[in-house]
Structure formats: structure tokens, C-alpha cells
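Worksheet for the structure shown next.
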Amino acid sequence: MVYDNIIFKVEKGVATITFNRPEVLNALNEASLQEFSNALDAVASDEDIRVLVLTGAGEKSFVAGADITEFLRFNVLKAKLFSETGHTLVHRLQELSIPVIAAVNGFALGGGCEIVLGCDFIYASENAMFGLPEINLGIIPGFGGTQRLPRLVGKNMAKEMIFTGKMISAAEAHTVGLVNTVCSQDQLMSEVMKTAAAMASKGKASLRAAKQAINSGMDVDLKTGCRIEIDAFAICLSSSDAKEGTEAFLEKRKANFKGTLQE
Ligand code: COA
């Protein structure tokens, strides 16, 4: 597959998708969204990939939102299709069976911010800025921002950000629980890769079960969420990875998980 707007690479079980239009701060045009979708197909179909990392090219921006130059030729139907495409992509990140880390190396605005909201967690460089500035264009977020931001940072903080379009710094994003770790631009990718490698060494079936239990549990009441966990736990415990993990502990050696979903 040839990519012009993203860079897709896989190394030691970790796939990295880099949004690559630095001249426009990696703004997402339709071609980038299509290529992102194709790369997600490749990730989903490769059993050897255990973690996905998303980042942006250059030192200034992760993704500065949808490509505004394409908006003027959108009619209502085209706008709906564009928004649905974005929703589908962010949803796919959530539904991927492997962990997805956003390595936010600069602006994560509009659609860029909404993409990181669909990731499992976020590491950011000190210069990163987060925001949903659509209100400044006379529109609203269209890739799930009005739904996921309040769920993550609380309703009132999300309303202020969406109603004013203001950006928040990496430090503030860390304070409100949007970002797990803030590091220097120089160290961002090495810190992300360290965490990715740590997760890649775990059993794929248990990572998938943990992700699904947390994500499904967040949308239901506690009692239902706990039932989801009980079922996921029982399935995990009967997997070959669980056998390997417990045997390795008892034999005082490092577990060698197969990293496969086939039991
Ligand atoms: N769509 C299309 N082009 C974009 C873009 C976007 N979302 N964001 C930035 N660009 C382009 C700029 O037009 C500029 O192109 P030019 O060099 O041909 O003029 C280039 O990227 C660099 O951006 P610039 O505005 O000069 O950088 P800056 O450091 O002064 O400002 C931002 C950075 C992110 C504050 C500013 O670019 C911005 O507000 N972008 C739009 C963000 C937005 O509204 N996103 C949501 C879209 S729905």
C-alpha cells in the first residue's frame, strides 16, 4: 500500500501511524482520512501487531484538525458523510483489540483532538496544545468531540473548551486527566515506545479483554460493568496465555506470551 499523507511502519510488534502533511500542520484532508482507514485495516488484520501509536510529522503539530480548505465545497450531505467518516475512524480506534497510544507532539485541534480522544491514552510533549476550536469557524466538533471530551474531562470543562474554542496546554491537559504523561519533545517518542514495548510483551488476549471490559463498562451501570468483567476474566483464565503467565510465575521465570488470539 502506498501512502502519501501518512507514514505507516511496524517494528517489533508496534505499529506507528504518522500524520504527514507538516506544511499544513498535518490537517486532515479526505485523502489522509482514507489512508488512515487503510492503515487501520492493515493493523487490524496483522496478528503480530500488539500496540498502535499515532503521532504527527514535525515538531509543531499532531493534527491541526480537518483541512479547512475543503469545507467550502461541502453541502449538507457531504458534511454528514465527512462527519460519519470521522466518527467511524475514531470508533475503530476504540474497538481495535490492541492498545492505541496517542503521542501528541504539538497541536491536537479539532479532528486531531477528537482522534486522540478515541485512543486508549495520551502522552504529550511540553509544547502540545489541545482544543476544539470549531466554534471559531461557526461550526461544532464533528468527529465525536461533544461526546467524548465531556466523558473524559467532565461536562463543564468540555463546555468551556467547546463554547470558547480555547486551547489548553499539555500541563493543563495533564491536570484535567486528558494526558497521562508530559515529556520534552525530544523524549516523547522514546517514552511512548517504552510503554508500547511494555504492553507488547503482555498477552494479547488479556490486553484485549482488559480494553473491552474498561470501554464497555464505562457505558453501563457499575453492576452491569462488573458482569462484563466477570465474563471477560473467566474467558481470559482459560486461555493459553493465562496458563503460561501463571506457570512462569510459579517457575520463577519471565512469561513468554504467544501474543495470539488463537487459543
Ligand atoms: N486546515 C487547513 N490548513 C491549515 C489548518 C487546517 N485545519 N491548520 C493550519 N493550516 C495551515 C495554515 O493555513 C498555514 O498554511 P499557509 O502556510 O499556506 O498559510 C499552515 O498550516 C501553518 O499554519 P499557521 O496558521 O501559519 O501556523 P500558526 O502557528 O500561526 O497557527 C494554529 C497554528 C494551529 C493556531 C492555526 O493554524 C489554526 O488555528 N489552525 C486551524 C485550527 C482549527 O480550527 N482546526 C479545526 C478545524 S475544523
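Both ligands and their constituent atoms are indexed starting at 1 by order of listing.
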Open item on the list: Ignoring hydrogens, what is the shortest heavy-atom contact between A15 and I49? Give both atom names and the distance.
Closed with: CB-CG2, 3.7 Å
Which residue and atom name correspond to the protein heavy atom nearest [atom], and how close is it?
atom                    : answer
atom 17 (O) of ligand 1 : E23 O, 4.5 Å
atom 8 (N) of ligand 1  : A64 CB, 3.7 Å
atom 10 (N) of ligand 1 : V24 O, 3.8 Å
atom 34 (C) of ligand 1 : L109 CD1, 3.5 Å
atom 35 (C) of ligand 1 : M167 CE, 3.9 Å

State whether any protein heavy atom lies less than 4.0 Å from [atom].
atom                    : result
atom 45 (N) of ligand 1 : yes
atom 27 (O) of ligand 1 : yes
atom 2 (C) of ligand 1  : yes
atom 14 (C) of ligand 1 : no
atom 19 (O) of ligand 1 : no
atom 38 (C) of ligand 1 : no
atom 24 (P) of ligand 1 : no

- [ ] Verify the cluster assignment for M218 and V90: are they in a single hydrophobic cluster under the rule of side-chain heavy atoms below 4.5 Å apart?
- [x] no
- [ ] With sequence neighbours left out, write down each residue that passes ring-ring contact (aromatic ring centres under 6.0 Å, His included) with F74, or none if nothing qualifies.
- [x] F71, F82
Open item on the list: Considering A108, A66, G145 one by one, which has a heavy atom nearer to atom 7 (N) of ligand 1 than any of the others?
Closed with: A66
Task: Nearest candidate to atom 32 (C) of ligand 1, where distance is taken over non-hydrogen atoms, out of I68, I139, L25 - done: L25
Between [atom1] of [X] and [atom2] of [Y], what distance do you get to the nearest 0.5 Å?
X    : Y    : atom1 : atom2 : value
K211 : I214 : NZ    : CD1   : 10.0 Å
L152 : L117 : CG    : CG    : 6.0 Å
R21  : D4   : CZ    : CG    : 11.0 Å

TODO: Have a look at ligand 1 and work out which part of K60, if any, has a heavy atom under 4.0 Å from it: side chain, backbone, both or neither.
DONE: side chain
TODO: Just let me know how P133 lines up against ligand 1, side chain, backbone, both or neither, with a heavy-atom cut-off below 4.0 Å.
DONE: side chain
Quick one: do the [X] and [Y] side chains pair a donor with an acceptor below 3.5 Å?
X    : Y    : value
E35  : N5   : yes
D186 : S184 : no
N38  : Q34  : yes

Task: Any M129 heavy atom less than 4.0 Å from ligand 1 - done: no
Task: Per-atom contacts of ligand 1 with F71, taking only distances under 4.0 Å to non-hydrogen atoms - done: 48 (S)
TODO: May I ask you to test the D241-K202 pair for a side-chain heavy-atom distance under 4.5 Å?
DONE: no
- [ ] Measure the shortest side-chain to side-chain distance between V176 and F130 over non-hydrogen atoms and say whether it is less than 4.5 angstrom.
- [x] no
